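Owing to the predicted nature of the structure, the values given are computational and were not obtained by experimental measurement.
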Amino acid sequence: MAALRGLLDRPLASYYLLLSSAGLLLLIGLTMVFSATSVKDYAEDGNASASVTKQAIFAVIGIGAFWACQRLPASTYRTLGRPLLITSVVLLLVLNLLVAYGRLTYQKSVVFGPVEARLNWLFVGGIQVQPSELAKFALVLWGSHVIARKGAALGWWRELATPLFPVMGLLFVLVGYNDTGTMLCLLALVVGLLWAAGVRARVFGALTVIGLLGVGLLIAVASLGAGSGERGAENYRLARLTLFLNPPPPDQCGDPCYQFYQGRLAIEHGGWFGVGLGKSSLKWDWLPEAHNDFIFAIVAEELGVIGCAVVLSLFAVLAYTGLRIAQRVDDPFRRLAAAAVTTWLVSQAVINIGGVVGLLPITGLPLPFISDGGSALVVTLAAIGMLASFARAEPDAARALHARPPARWVRLLWAPLPPLPGRRRRPASPPAGRGSVPRSRERRQDDQAAPRGARQGRSRQGTASERRR
């Protein structure tokens with residue numbers, strides 16, 4: 001324990017913990033995507049590596065986003081918050097309008113020029129985009145900037161409610177119409193943001209009530225065709241909730257609980273040490289969404305309890321590192337953004353894994369770093385890059401980097417030096433007078449110079465008694 005505390009006390013411990021945990025999760029994710037999709041890809045197209053190749057391309061793009069984000073200062077993130085938020089709201093509006101039009105015209109996908117909408121995805125010129133993933137990152141940046149700017153005024157309810165709550169409500173409606181799981185993730189993100197800001201407990205109580213009412217409303221509108229629901233058909237959101245509360249026996253299990261029991265069967269089949277990497281039998285088109293929502297079940301089947309413990313440990317290290325960064329940075333914006341990103345990633349992992357093992361309802365959220373999905377992976381790695389930038393800006397880390405700076409080519413190709421803590425820009429000194437005479441000797445000792453102690457532009461008139469009168 002003493003050696004562990006010594007390692008954690010090093011200045012750049014947060015930075016290296018973040019890189020190692022996120023890098024290992026990304027490597028495990030690529031491996032498990034290949035294992036979960038190889039059989040189906042080979043059966044359909046004759047190419048077993050089609051899905052993992054696509055995921056690897058997005059991983060390379062995500063690493064580029066990570067590299068770019070870890071080079072940016074906090075002021076740039078503050079500036080990017082509003083444009084990203086506006087962009088995500090516009091994309092969500094376009095997606096929801098096209099999906100609603102498809103419901104009215106009985107189309108599964110709607111094409112409008114170069115734009116195609118399919119439930120939670122937009123295809124713009126052949127590029128697949130998930131606007132809800134961008135909305136998470138945008139809410140982190142914009143919400144952290146707004147709360148950090150308000151400062152002590154957060155004690156007033158009006159200052160807290162505007163403009164944060166209206167924008168949150170708009171995002172919840174736009175995202176939750178198609179995706180309840182992502183809306184719950186946004187709610188957890190906001191809770192983490194307000195918790196880091198030190199908001200009073202009654203605000204969390206009000207948010208809990210509003211969140212439960214919103215979830216109930218989204219469950220109700222699924223019967224009217226919201227999301228993947230259909231008018232007059234069984235409410236699939238309500239079916240998932242009742243399945244979690246009271247699952248039927250396996251012999252009476254229909255379509256809603258088929259995925260639930262197949263996932264539990266995969267976990268039971270894996271045992272302690274698993275059946276071996278690539279040897280899963282449930283991925284042979286028995287388990288729906290084995291490469292995405294239920295990829296943790298494939299991890300449990302092939303790698304067993306040991307593999308699941310490794311994945312959970314890496315997420316625990318990621319959570320500890322994010323909260324450590326939020327505690328150590330001295331900038332309020334960095335503290336709030338680090339806490340919000342950590343809450344976002346950890347809550348999404350908890351919701352996904354809890355749904356797979358049966359501790360939470362199934363929501364359809366992907367597992368960060370591991371599930372198949374390009375937009376989610378790129379945005380997640382960009383958020384990790386921002387956390388890496390904040391980790392380098394910790395006071396001890398910044399002093400250590402300035403004391404022993406890396407080589408110039410490393411700073412140019414990897415990341416620049418962070419600003420030193422507590423340094424403030426001094427006002428520019430007035431320009432020096434012309435000539436070679438020092439400023440301290442510029443005073444002329446002649447009859448034109450003002451006497452010492454006299455104020456220029458003012459003259460003493462009369463004695464002290466006369467002035468008093």
Task: Any donor-acceptor N/O pair, R71 side chain to L412 backbone, under 3.5 Å - done: yes
Open item on the list: Side chains of V190 and F172, heavy atoms from C-beta outward: is any pair under 4.5 Å?
Closed with: yes
TODO: Determine whether more than 12 heavy atoms belonging to other residues, nucleotides or ligands lie under 6.0 Å from atom CH2 of W195.
DONE: no
Open item on the list: Quick check for you: to the nearest 0.5 Å, what is the distance between E394 atom CD and D331 atom CG?
Closed with: 13.0 Å
Contacts under 3.5 angstrom, residues 58-69 side chains, donor-acceptor by atom type, not counting sequence neighbours:
from : atom 1 : to   : atom 2 : distance (Å)
W67  : NE1    : L413 : O      : 2.6
W67  : NE1    : W414 : O      : 3.4

Open item on the list: Walk me through whether V357 and F296 qualify under side-chain contact (heavy atoms from CB on, under 4.5 Å).
Closed with: CA-CA 9 Å; V357 301; F296 189 76; 4.2 Å; yes
Task: Donor-acceptor pair, side chain of D372 and main chain of N292, under 3.5 angstrom - done: no
TODO: Would you check if C185 and S347 make a side-chain contact, meaning some heavy-atom pair closer than 4.5 Å?
DONE: yes
TODO: Give, for atom CE of M32 and atom CD1 of I370, the distance between the pair rounded to the nearest 0.5 Å.
DONE: 8.5 Å
Task: R392 side chain vs P416 backbone, donor-acceptor pair below 3.5 Å - done: yes
- [ ] Indicate yes or no: at least one non-hydrogen side-chain atom of R335 is less than 4.5 angstrom from one of S144.
- [x] no
- [ ] Grab the two heavy atoms, one from A22 and one from I384, that are nearest each other, plus how far apart they are.
- [x] CB-CG2, 4.0 Å
Open item on the list: Any salt bridge linking E302 with K283? Criterion: basic side-chain nitrogen under 4.0 Å from a carboxylate oxygen.
Closed with: yes
Task: Within-4.5 Å side-chain heavy-atom neighbours: Y15 and I325 - done: no
Open item on the list: Any heavy-atom pair between the side chains of T380 and F369 that's under 4.5 Å?
Closed with: yes
Open item on the list: Ring-plane angle category for Y77 and F390, please: parallel below 30°, perpendicular beyond 60°, tilted otherwise.
Closed with: perpendicular
Task: Heavy-atom pair with the smallest gap, counting every atom of L189 and A340 - done: CG-O, 4.0 Å
TODO: For S389 and L72, indicate whether the former's side chain and the latter's backbone hold a donor-acceptor pair under 3.5 Å.
DONE: yes
- [ ] Could you give me the CA-CA distance, side-chain angles and deciding distance for F315 and L345, then say whether side-chain contact (heavy atoms from CB on, under 4.5 Å) is met?
- [x] CA-CA 9 Å; F315 276 111; L345 297 178; 5.9 Å; no
Task: Qualifying salt bridge (Lys or Arg N to Asp or Glu O under 4.0 Å) pairs, either residue in residues 113-132, two or more places apart - done: E116-R118
TODO: May I ask you to test the F34-S49 pair for a side-chain heavy-atom distance under 4.5 Å?
DONE: yes
Open item on the list: With a 3.5 Å distance limit and no angle check, can you tell me whether T87 reaches the backbone of P83 through a side-chain donor-acceptor pair?
Closed with: yes
Task: L381 CG to L387 CG distance, which is reported to the nearest 0.5 Å - done: 11.5 Å
Task: S35 side chain to T31 backbone, donor-acceptor under 3.5 Å - done: no
Task: Residue pair L164 / W142, side-chain heavy-atom distance below 4.5 Å - done: yes
TODO: Starting at CG of L171, measure out to CE of M183 and round the result to the nearest 0.5 Å.
DONE: 11.5 Å
Open item on the list: Under a 3.5 Å distance rule, please check whether R324 uses its side chain to pair with a backbone N or O of L8 as donor and acceptor.
Closed with: yes
- [ ] In sequence, state the C-alpha distance, the side-chain angles, and the governing distance for Q128 and K54, and then conclude on side-chain contact (heavy atoms from CB on, under 4.5 Å).
- [x] CA-CA 12 Å; Q128 182 178 348; K54 183 179 178 181; 3.9 Å; yes
TODO: Please report the closest heavy-atom contact between L360 and V350, naming both atoms and the distance.
DONE: CD1-O, 3.7 Å
Task: Any side-chain heavy-atom pair of L193 and L139 under 4.5 Å - done: no
TODO: Classify the ring geometry between F333 and H145 as parallel (under 30°), tilted (30 to 60°) or perpendicular (over 60°).
DONE: perpendicular
Open item on the list: A quick test of your reading: do over 12 heavy atoms of other residues, nucleotides or ligands sit less than 6.0 Å from CZ of R78?
Closed with: yes
Task: Over 12 non-hydrogen atoms of neighbours within 6.0 angstrom of CZ in R411 - done: yes
TODO: Specify the closest pair of heavy atoms between Q348 and P366, including all atoms of both residues, with the distance to one decimal.
DONE: NE2-O, 3.0 Å
Task: Flag if over 12 foreign heavy atoms under 6.0 Å of CD, E44 - done: yes
Open item on the list: Rounded at 0.5 Å granularity, tell me how far OG in S371 sits from CD1 in I298.
Closed with: 11.0 Å
Task: Verdict with reasoning, V89 to V167, per side-chain contact (heavy atoms from CB on, under 4.5 Å) - done: CA-CA 10 Å; V89 169; V167 175; 5.9 Å; no
Open item on the list: Please find the pair of heavy atoms, one from T321 and one from V317, that lie closest to each other, and give the distance.
Closed with: OG1-O, 2.7 Å
Task: Rounded distance (nearest 0.5 Å) linking atom CD of Q130 with atom CH2 of W121 - done: 6.0 Å
TODO: Determine, stepwise, if the pair E301 / S280 fulfils side-chain hydrogen bond (donor to acceptor under 3.5 Å, both in side chains).
DONE: CA-CA 6 Å; E301 185 182 10; S280 169; 2.4 Å; yes
Task: For the student: nearest non-hydrogen atoms of A300 and I267, plus distance - done: CB-CG1, 3.8 Å
